[in-house]
Undergrad: 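Got a structure here, written out as structure tokens. Questions coming.
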Amino acid sequence: MRNTVIQHSLVALTAVAASMVICGCSTSHEPKGGKTAHSSGEIGGHVLIAGKPVAGATLTLYAAGEGARAQVAQTRTAANGEFELDAKSAPKDSVFYLVAKGPNEAVALMSLLGTSLPERVTVNELTTVASAFTAARFISGEAISGKPLSLRIASGNTPNLVDPATGGWGRVLLDPINSYMTTTMANLDTLGSLISAYATVANDDWRARFLKAATPPNGVTPRNTLEAMAGIARAPWAAPKDLYALFDEAYPQPKDGSRRSAPFVPYLAYVPDDFCLSLCFSGGGDFANGRFMFDAEGNLWCGMNWMPGSQSGVRKNIGGGVGKFSPNGMALSPAITGFTGMGIDGVGWGTAVTKDRVWISSFNGKILVMDLDGKPVGKESDFPFAEKLSGLMGIGVAANGDVWIADGVGDQLLFFPGGRINDGRIVKVAGLKSPFDIVIDSQNRIWVANSSSDTVVRFPADDPSKAESFRAGISVRGLALDSQENVWVSSLLSVDFPVPHVPEGASIMEQFGILAGAALHYPKPTGVIKMIRPDGTQPMPEGFAGGGAVDIPWGLNLDGNDDVWVADLSPRTRAVVLLAGADPKGHPAGTKTGDLIHKFQCGSIQMLTDVSIDPAGNVWAANNWNDPLAAVEKDPARPTSTWGGGSGFTIIYGVAAPVQPPRMGKVRKM
């Protein structure tokens, strides 16, 4: 607990500054004055390596799209590294990037500029690293191509890491949470220094070993520094020891312990588990995140268990609202309360997004339906239920527009044909026991997770009497459909877990208070991930646990490669876990379904409920709890009594295969 206390003491001291920086992150690269190259017709700037100007480099401005890149302008840098480009012919609504090469062709730098061209830019090692990570899924050689939405998301996140005008740290990276409490800044600087070394102090043998270490699994050996960074970005867990050894060799630690000669500080002091770049965001009512869902424009929606600043836990709590965040993490919902309406008070797993609506179900049995601007589309009295409801959980949306909601207390489902509020009705299904999550396959079969059981129930939407059950682990939570419509299931507890008694009719919070109290004191990892085929068979009945990396798994999702991303709620791991999917393509030879690929941990990842993948291949992790004692104790310590809920969410850049939003039914690759 000591590390938690230190971390949150710093957070408390800098909370106001952090929220101002995080919530104010820019959605474009346009300078504050608003003057861009489109208005002046010229882009100026300089190319630097190790802080020194690069003379005679070829600098090319490209416009990226779904097809081949289009060259907009080209020039060479002067003796002082300066350049000017004529951007008058730059097409509108494109995503632009700069590539600087030479004088050595193996030294290539990049700056991903977005849809607005600034008048002044810097191209250096840090812009190259940031651009390679945010655009990792769209770089082939030195070219960028992809769907317009994906490219806009990638370029919109680049300035969060590095300022395109100065080539220095970005404003979100500089906020206290990210700069002080994670290794992202040190990872960025160390990778930047590796590019510097390649261009300045390294010999041919070092360069060859660097390119080998930067080769992604089953990939092609990079030809230059830009391709190398893109390779590292796609699999930053592949060779961290080798890369750090190269850094140590290029910039050895002086025997007296003084600072290394690396051009960027702070750098890593220890061998990392990976070279991931991640950032933490908050604001907009964010606290104790539940389910993560993206709309068609890549905005994140999430219901919040509790209200920020409240002394909330499983025993006493004040309900939260609904958060909306832009694709680059900027809060778009009101501070503290988030979006509210139609009587909701605290949201668990009940967030779903359709093409034009957001559905929210609440702990207090109320349902909020909003448009994509966060405005309620009706009033509380529009729902036709005479029964008093409570503990509403997961929401499933069918391809035909039907909406199903899990009633976790009533052991029943709410059904809205075509998403029509006034036509809602209650559906009784045999085998439901505190239903929690819902997914709907292409045959319009409803799959329901039972949080107070070890089963998943499936039935045809037009005939609930034909329900059948499938075994999973204990206390089933998240469900997700891969592209082949295998259902992936997360269960909090393994089958050998000594389950304490949970009273009949206990609320989801009461259930979890009991189960979590037991799980938190359990001496080893627990929980399991299972895969159920469309025909109901389970090729691995014992499930997957990632060798103990899976620990109290809550939510899970699939990426565009059908790989499985798992959110651990365990305070032991505080991790996002990546497992190989049903068809483990793209991984090293011998990788099998369910094998552990990597466990992602950082200072801003807390106890997670969900993990979701956006159209640019970024992974968003939902902090739900922080200090478990503050969350479950009857009388928590006052200094930490507001630490029960998780603070903020973390975006891990470029590590997943992109996914097409909104997510309804099976995953769709972008």
Side-chain angles (χ1 to χ4, degrees), residues 1 3-25 160 172-173 175-182 184 278-292 300 302-314 317-325 329-331 333-338 346-348 554-555 567-571 573-576 600-612 620-632 636-652:
M1 294 302 297
N3 289 339
T4 302
V5 172
I6 294 171
Q7 174 184 4
H8 289 277
S9 297
L10 286 169
V11 170
L13 290 171
T14 57
V16 174
S19 64
M20 290 174 65
V21 173
I22 295 172
C23 296
C25 61
N160 289 343
V172 179
L173 178 58
D175 79 61
I177 293 176
N178 291 305
S179 59
Y180 295 175
M181 300 182 189
T182 76
T184 295
S278 64
L279 292 173
C280 184
F281 299 83
S282 192
D286 177 90
F287 185 63
N289 299 275
R291 186 68 148 154
F292 273 7
L300 177 78
C302 178
M304 308 299 169
N305 293 180
W306 304 322
M307 182 178 290
S310 65
Q311 295 173 304
S312 290
V314 298
N317 45 72
I318 299 173
V322 182
K324 179 184 180 182
F325 300 87
M330 183 178 70
S333 45
I336 306 301
T337 63
V347 184
W554 193 284
D568 273 2
L569 190 82
S570 171
T573 57
R574 295 177 178 249
V576 172
F600 299 80
Q601 296 173 299
C602 73
S604 63
I605 290 179
Q606 299 172 1
M607 299 167 66
L608 304 174
T609 44
D610 202 13
V611 60
S612 196
W620 299 53
N623 291 330
N624 183 256
W625 282 14
N626 181 19
D627 185 334
L629 295 180
V632 302
R638 298 303 181 268
T640 57
S641 59
T642 58
W643 296 5
S647 51
F649 55 89
T650 294
I651 303 177
I652 309 171

Undergrad: For Trp625, check side chain to side chain donor-acceptor pair (under 3.5 Å) against everything at least two apart and list the hits.
TA: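 Checked Trp625 against side chain to side chain donor-acceptor pair (under 3.5 Å); zero matches.
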Undergrad: With sequence neighbours excluded, what pairs up with Thr182 under the side chain to side chain donor-acceptor pair (under 3.5 Å) test?
TA: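 Thr182 satisfies side chain to side chain donor-acceptor pair (under 3.5 Å) with Thr184 once adjacent residues are dropped.
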Undergrad: Within a strict 4.5 Å, meaning less than it, do heavy atoms of the Thr642 and Gln311 side chains meet?
TA: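 Sidechains of Gln311 and Thr642: in contact.
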Undergrad: Distance check, rounded to the nearest 0.5 Å: Phe649 atom CZ versus Leu300 atom CG?
TA: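 Going from CZ on Phe649 over to CG on Leu300, the span is 6.0 Å.
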Undergrad: With sequence neighbours excluded, what pairs up with Thr609 under the side chain to side chain donor-acceptor pair (under 3.5 Å) test?
TA: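 Here no residue qualifies.
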Undergrad: Say whether, by atom type as modelled, one donor and one acceptor occur between the side chain of Asn624 and the main chain of Gly646 under 3.5 angstrom.
TA: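 No.
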Undergrad: Any chance you could measure Ile318, atom CD1, to Asn305, atom CG, to the nearest 0.5 Å?
TA: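 The distance works out to 13.5 Å.
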Undergrad: For Asn623 and Arg574, test the side chains for any donor-to-acceptor distance below 3.5 angstrom and give the result as yes or no.
TA: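 No, because no side-chain N or O of Asn623 sits under 3.5 Å from a partner of the opposite role on Arg574.
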Undergrad: So, Asn289 versus Asp610: side-chain donor-acceptor pair below 3.5 Å or not?
TA: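 Side chains of Asn289 and Asp610: no pair found under 3.5 Å.
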Undergrad: Between Thr650 (side chain only) and Ser604 (backbone N and O only), is there a donor and an acceptor less than 3.5 Å apart?
TA: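 Answer holds: yes.
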Undergrad: The criterion is side chain to side chain donor-acceptor pair (under 3.5 Å); which residues satisfy it with Thr573, sequence neighbours excluded?
TA: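 Partners of Thr573 under the side chain to side chain donor-acceptor pair (under 3.5 Å) test: Asp568.
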Undergrad: For residues 638-650, which residue pairs pass the salt bridge (Lys or Arg N to Asp or Glu O under 4.0 Å) check, not counting sequence neighbours?
TA: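 Counting only pairs at least two positions apart or across chains, the salt bridge (Lys or Arg N to Asp or Glu O under 4.0 Å) contacts touching residues 638-650 are Asp635-Arg638.
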Undergrad: How would you list, by chain and number, every residue that makes a ring pair (Phe, Tyr, Trp, His ring centres under 6.0 Å) with Phe287, sequence neighbours excluded?
TA: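 With sequence neighbours excluded, Phe287 shows a ring pair (Phe, Tyr, Trp, His ring centres under 6.0 Å) to no residue whatsoever.
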Undergrad: Do the side chain of Ser333 and the main chain of Gly284 share a donor and acceptor less than 3.5 angstrom apart?
TA: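 Yes; judged by distance alone, with no hydrogens or angles, the pair exists.
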Undergrad: Keeping the roles fixed (side chain from Asn317, backbone from Gly319), state whether a donor-acceptor pair exists under 3.5 Å.
TA: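 It does not hold such a pair.
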